[in-house]
Amino acid sequence: MTSSRPYLVRAFNEWILDNDCTPYIVVDAGVQGVQVPTEHVANGQIVLNISPGAVRGLVIGNGALEFSARFGGVPMQVFIPLQAVMAVYAKENGEGMVFGSEPGSPDPEGPGGKDSEHGSGDNGQSGDRPSGRPTLKVVK
């Protein structure tokens, strides 16, 4: 199946705007193809306001998110492959979604990181479950 991330980013962006809040995204600036103002990157990440008042020509496609904006008065075309979007949330209350890895995408914890750090999540039951099964997170 195709990635659900573009659909979720579009939906959360619309939901945040419909609730008169400001949509922000957290971007992994180290992902290949990311074009953001590097002077605003901290710890390999950048947080961007994607509200209509802050950006022009926002397009959230199935492969990338792009827009033009001004950073310190300097215009820039921003291009972000959607696998680099780590979260989308409302500035005012923090409501939104943090994205984990999806099947077929590179494992951010590297090889052997499957469930070792976070527990198996199977409540002690062993079975023939695939190691890459999806996980759900509570979004508040």
Side-chain angles (χ1 to χ4, degrees):
M1 290 188 68
T2 61
S3 172
S4 61
R5 192 168 305 198
Y7 302 93
L8 293 169
V9 171
R10 285 190 290 265
F12 271 94
N13 181 54
E14 184 177 338
W15 174 69
I16 291 166
L17 290 171
D18 284 351
N19 283 281
D20 296 320
C21 291
T22 310
Y24 274 48
I25 58 171
V26 180
V27 177
D28 179 348
V31 171
Q32 184 174 358
V34 170
Q35 296 173 9
V36 295
T38 56
E39 62 272 15
H40 297 287
V41 173
N43 297 321
Q45 299 177 357
I46 186 169
V47 178
L48 298 167
N49 175 348
I50 60 168
S51 68
V55 303
R56 293 195 134 170
L58 175 66
V59 176
I60 305 172
N62 287 342
L65 179 151
E66 55 187 309
F67 58 85
S68 59
R70 291 183 170 271
F71 297 91
V74 178
M76 178 178 186
Q77 184 67 26
V78 174
F79 182 86
I80 302 162
L82 277 167
Q83 71 264 24
V85 176
M86 301 169 65
V88 58
Y89 67 95
K91 173 190 173 192
E92 291 76 5
N93 58 20
E95 296 221 23
M97 178 174 228
V98 175
F99 297 102
S101 63
E102 295 184 46
S105 65
D107 185 356
E109 296 177 22
K114 61 179 197 180
D115 284 321
S116 58
E117 200 174 305
H118 305 289
S120 65
D122 65 3
N123 296 325
Q125 300 170 354
S126 61
D128 294 328
R129 294 183 184 178
S131 63
R133 69 184 181 273
T135 58
L136 299 176
K137 295 184 180 186
V138 176
V139 177
K140 294 185 178 187

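Only heavy atoms go into these numbers, but all of them, side chains included; no hydrogens, no water, no symmetry mates.
Looking at every heavy atom in both residues, V85 comes nearest to R5 through O-NH1, 2.8 Å.
Every side chain to side chain contact (heavy atoms under 4.5 Å, CB included) that Q35 has, sequence neighbours left out, goes to F79. With sequence neighbours excluded, no residue satisfies side chain to side chain donor-acceptor pair (under 3.5 Å) with Q77. Qualifying side chain to side chain contact (heavy atoms under 4.5 Å, CB included) partners for A11, counting only residues two or more places apart in sequence or in other chains: none. The side chain to side chain donor-acceptor pair (under 3.5 Å) test applied to R10 returns N62, not counting sequence neighbours. For F67, there are no ring pair (Phe, Tyr, Trp, His ring centres under 6.0 Å) partners two or more places apart in sequence or in a different chain. Take S68 and apply the side chain to side chain donor-acceptor pair (under 3.5 Å) test, not counting sequence neighbours, and it matches no residue. Taking N13 as the reference, L17, P23, I50, L58, I60 meet the side chain to side chain contact (heavy atoms under 4.5 Å, CB included) condition, with sequence neighbours excluded. Residues meeting the side chain to side chain donor-acceptor pair (under 3.5 Å) test with N19, sequence neighbours left out: none.
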List the atom pairs, donor and acceptor, that lie under 3.5 Å between side-chain atoms in residues 26-34 and the rest of the protein, sequence neighbours left out.
from, atom 1, to, atom 2, distance (Å)
D28, OD1, G30, N, 2.9

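A donor-acceptor pair under 3.5 Å is formed between the side chain of N49 and the backbone N or O of S51.
For the atom pair CG of L82 and OG of S3, the computed distance is 7.0 Å after rounding to the nearest 0.5 Å.
Among pairs with a residue in residues 24-56, those fulfilling ring pair (Phe, Tyr, Trp, His ring centres under 6.0 Å) read Y24-Y89, H40-F71, at least two apart in sequence or across chains.
At least one side-chain heavy atom of I16 sits less than 4.5 Å from a side-chain heavy atom of V88.
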